[in-house]
Structure formats: structure tokens, C-alpha cells
Amino acid sequence: MKIISKIKNLLKSKKDEISFLKNIPKINFTEILTNPKNILVILSSNMMNFLNSLDALALLLHKHQNVTLLVHKKEHLFFLERCLKNLKFDFYLFDEEELPEEILNNKFDTIIILSQKVDDNISRYLHKNDLSVKAALDDFAQPELINYKTRTEKSQCLKEKYFSQICGILGEDFDSKQFQMDFNISDSKLKSSQKILNYLDVSKAGEWIFLDISTGLNSTIFSDRQLAEIIRFVREKISGTLFLIDWNQERYDKLKLKGVIPKPFFVSEQDISLLTAHLANAKILISPNTELYHIAQLLKTRTAGALLPDEKKYFFESDKDLEFEVENFKSLQIDEFIEQVTEFLKE
């Protein structure tokens, strides 16, 4: 009798569950995506992912004016204001503690995630929005949060994937070249940067090579030994003045204390507008796969990147970029790397 009772209870719970599901209003995906009333775009907190999503965002904003952006960092807002300055959008900064009231109190029928994952606060928010179309890439790390996936080719880089995602949502194919960013730096900032670099330019060559000492994706970073070798080879083979660059001065101070770097001047700017001007004035940036590397590519500055095999997915192919693939970053052959950089600068 107990078994029969358990079966009856199980059937009843299943019936109740089916009844509950039937009462949930169905989402008309086609109607919402064709004519969205209110769109929320959740941008990535990661600078590299964020920069890779800008072309896709430009396409979306060209097609829709009812778009609100959830922005994680003020530095990101700096790029949005300059790259998308002729396009209309609302935005709110997310302070990592809680979502802005304006987001919580608004109803978005379409929520587009231009990120590979989201934090717990945003996860909870997405769970509560049962009637929204919640769209992300097919390799989004938290598929349980979304109800609409955009299929993309595995061979596509991240920038192309985000662009394909927006094309899929809009239901039409577009040429990505139409929406690639033009990042314009004011003449006054460029001149301020030139004045600083000219003052520090001991060779008076007027050409500035930047060596990135910050940490990149997968914790790749030029070691003390590698930096010493790069500095030596660059001085021997490439004309111009070499500067080390990072977001802050902490590592540079340690290198100086160890006596690893006897000469190169260091450039660090908390003023991101001046930092971008420095990168725009550079002859080339030599770097692992770092945030500064991606910013330099956005500025169309020449870059020479030492990349692990799976890191190439972040980039479009460009004649401004040299990608030097290495299986193990610690065993990077500096002489071969700089030889390729030298040849690249002759092109």
C-alpha cells in the first residue's frame, strides 16, 4: 500500500508541475526580437572581453535606439563615450555590490549578454526575468540563465562571435568592417603625450617603443630574465627609445631594486586618456595578451604579441599586428621573437 501511495503522490506532483508550467505565459521570441520595446545589454567586467564587444555594440545601436547599457567600470565608459559618441544609448554603472535601481525598476523584454559569464548579482536578476528574451553566445559559461543562444563557428575569434551574436538577434547578416571602431584622441592629448615622451627620450630619435610589463590573460607575463633580454635585443636591433609601460609602478620599482633594468624609463598613467595618447604615439607595443595590448589594437597602433595557442581567438587578423605563438610562455625564444619584430617594422 505504501508503494501505491508513493506512486499516487508522484503522479499528483507531476500533474501539479505540468499544470504550473501550462500557466506560465509563453515568450514570443520572434515578436520580441523583431520589435523589442526595451533592450538591456550586459557588458563584460573584463576589459579584453569588453573591447572585443564594441563592434557588435555599434551594430546594435545603429539598429535600435531603445538600448540601455550596464557598464562595470568607469574606464569602460571612457571607451564607450569615444567609440560610440554619435550613437544614442542610456547607461548605468554597476558598482559590484548591487544593480542600479533604474535597472531593477525597469522592464526589459530583451536582455543581451555581451560577456562570457556574469556575477552572482546579475545571475539573480536574470533568474527573476522569466518573460524576457535573455540572449548570449552558445559557449556562455552559465547556460541555465539564458533562453536564447546564438550559434557561432568555433573558428571565429571572440570579436567575430559577438558580432555574429548581434547579427543573429537582428535576423540579418552585416559586414563587420562597417562597424569597426574609430577611436579618435584629441590633438591636445596627443601633444601632451608627445611633450612628455620627448622630455624622456634620451636618444632623441622621436620614435618610441613600448614594452608591456603587466600581467596578461592566463597570467602570462615577461619574466625578469625575459625583460632583460628583450631590452638588450631591442636596443641592438631597433632604432628608437624604449619605454616600459604598466598600469601602476609597483613591478617597475621591484625591477629597479633588483637591478634588472638599468636604464629604460617607465610610463604609468592613472589618467586613461593620457595613457591611450601614449599608446597612440608609440611606434610599436611589445606585449603578452594584456589589456594594454587590446587597447593598442583598438587604437590601430602596431603590436607585437607573444601569445599562447588558444589566445589567438581574441583577435581579428590585421596588418598592424604581429602574433608570435608560443606553446610555453616561460620558454619564449626572445632572440627569435625580436627578430620577427624587427622584420615586421620594416614592412
Side-chain angles (χ1 to χ4, degrees), residues 41 43-63 67 69 71-89 91 93 114-115 157-163 166 174-197 207-210 212 214 216-217 243 245-247 267-305 314-323:
V41 180
L43 297 171
S44 179
S45 60
N46 177 279
M47 176 70 87
M48 297 181 198
N49 280 320
F50 165 75
L51 292 175
N52 275 292
S53 70
L54 287 176
D55 292 350
L57 192 55
L59 168 58
L60 180 67
L61 293 173
H62 269 94
K63 291 295 179 179
V67 177
L69 308 181
V71 185
H72 285 75
K73 296 177 182 177
K74 287 182 179 178
E75 291 88 350
H76 295 184
L77 187 58
F78 168 82
F79 292 103
L80 289 172
E81 289 173 339
R82 283 151 184 80
C83 292
L84 308 171
K85 61 182 178 182
N86 297 321
L87 297 169
K88 182 185 174 187
F89 58 91
F91 70 88
L93 278 170
L114 292 180
S115 178
C157 70
L158 191 58
K159 204 179 236 189
E160 292 167 325
K161 284 191 173 192
Y162 283 136
F163 196 84
I166 298 302
F174 297 89
D175 184 355
S176 61
K177 290 179 182 177
Q178 289 180 261
F179 300 95
Q180 287 180 28
M181 295 295 101
D182 260 336
F183 189 98
N184 296 316
I185 301 172
S186 69
D187 288 340
S188 61
K189 280 295 178 186
L190 287 172
K191 287 176 182 175
S192 295
S193 164
Q194 288 164 3
K195 188 174 180 180
I196 292 168
L197 298 176
E207 290 189 312
W208 305 307
I209 302 148
F210 283 76
D212 186 354
S214 65
L217 193 70
F243 293 101
I245 189 168
D246 198 347
W247 290 100
V267 178
S268 171
E269 295 295 345
Q270 297 307 309
D271 177 356
I272 194 165
S273 61
L274 193 54
L275 178 70
T276 53
H278 287 330
L279 288 172
N281 280 323
K283 180 178 183 178
I284 192 168
L285 173 73
I286 300 170
S287 178
N289 184 11
T290 66
E291 293 180 356
L292 292 170
Y293 185 37
H294 285 255
I295 293 170
Q297 291 191 316
L298 178 64
L299 297 168
K300 297 181 174 58
T301 296
R302 281 195 170 206
T303 55
Y314 280 82
F315 308 104
F316 275 131
E317 298 255 339
S318 167
D319 58 4
K320 290 279 188 179
D321 310 320
L322 169 68
E323 296 176 358

J.: Measure the acute angle between the ring planes of His62 and Phe179, then classify it against the limits of 30° and 60° as parallel, tilted or perpendicular.
T.: perpendicular
J.: Just how far is it from atom CG of Leu292 to atom OG of Ser214, taken to the nearest 0.5 Å?
T.: 4.5 Å
J.: For Ala277 and Lys189, which heavy atoms make the closest approach, and how far apart are they?
T.: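 Ala277 and Lys189 have their closest heavy atoms at CB-O, 3.6 Å.
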J.: When you measure from the side chain of His72 to the backbone N and O of Asn46, does any donor-acceptor pair fall under 3.5 Å?
T.: no
J.: What are the two closest heavy atoms between Ile209 and Ile286, and how far apart are they?
T.: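 That would be CG2-CD1, 4.0 Å.
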J.: Decide yes or no on side-chain contact (heavy atoms from CB on, under 4.5 Å) for Phe79 and Met47, but give the supporting numbers first.
T.: CA-CA 10 Å; Phe79 292 103; Met47 176 70 87; 3.9 Å; yes
J.: Return the minimal non-hydrogen interatomic distance between Ala280 and Leu190, and the atom names on each side.
T.: CB-CD2, 3.9 Å
J.: Within a reach of under 6.0 Å around CZ of Phe174, are more than 12 heavy atoms found that belong to other residues, nucleotides or ligands?
T.: yes
J.: Work out which heavy atom in Arg302 is nearest to a heavy atom in Lys283; give both atom names and the distance.
T.: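 Distance-wise, the nearest heavy atoms are CB-O, 3.6 Å.
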J.: Output yes when a side-chain donor or acceptor of Thr301 lies under 3.5 Å from a complementary backbone atom of Leu279, and no otherwise.
T.: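 Judged by distance alone, yes, a pair lies under 3.5 Å.
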J.: Using modelled atom types and a 3.5 Å cut-off, is there a donor and acceptor pairing between side-chain atoms of Lys73 and backbone atoms of Ser45?
T.: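 Yes.
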J.: Just do the side-chain contact (heavy atoms from CB on, under 4.5 Å) check on Ser193 and Leu197 with the steps written out, would you?
T.: CA-CA 6 Å; Ser193 164; Leu197 298 176; 3.7 Å; yes
J.: Nearest 0.5 Å, please: how far is CG in Leu54 from CG in Asn49?
T.: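 Those atoms lie 11.0 Å apart.
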J.: Does Ile272 offer a backbone N or O that forms a donor-acceptor pair with the side chain of Thr276 under 3.5 Å?
T.: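 Indeed, once roles are kept as given, a pair shorter than 3.5 Å links the two residues.
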J.: So how far is it from Gln297 CD to Met48 CE, rounded to the nearest 0.5 Å?
T.: 10.5 Å
J.: Testing the basics here: between Arg82 and Phe183, what is the closest heavy-atom pair and its distance to 0.1 Å?
T.: CD-CZ, 3.8 Å
J.: Run the side-chain contact (heavy atoms from CB on, under 4.5 Å) test on Val41 and Ser53 for me, step by step, so that the C-alpha distance in whole Å, both residues' side-chain angles and the decisive distance to 0.1 Å come before the verdict.
T.: CA-CA 11 Å; Val41 180; Ser53 70; over 6 Å; no
J.: Tell me if a side-chain donor or acceptor on Asn289 pairs with a main-chain N or O of Gly305 at a distance below 3.5 Å.
T.: no
J.: Could you state the interatomic distance from CG (Leu299) to CG (Leu285), rounded to the nearest 0.5 Å?
T.: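 Here the interatomic distance stands at 10.0 Å.
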J.: Is the shortest side-chain heavy-atom distance between Leu274 and Ile196 below 4.5 Å?
T.: yes
J.: So, taking the atom named OG in Ser287 and the one named CD1 in Ile245, what distance separates them when rounded to the nearest 0.5 Å?
T.: 9.5 Å
J.: What pair of heavy atoms forms the shortest contact from Phe50 to Leu80, and how long is it?
T.: CZ-CG, 3.8 Å
J.: Let's go through Asp55 and Ile166 carefully: what are the C-alpha distance in whole Å and the side-chain angles of both, what is the deciding distance for side-chain contact (heavy atoms from CB on, under 4.5 Å) to 0.1 Å, and is it a yes or a no?
T.: CA-CA 10 Å; Asp55 292 350; Ile166 298 302; over 6 Å; no
J.: If you measure from OH on Tyr162 to CG on Leu43, what distance do you get to the nearest 0.5 Å?
T.: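 So the gap between those two atoms works out to 9.5 Å.
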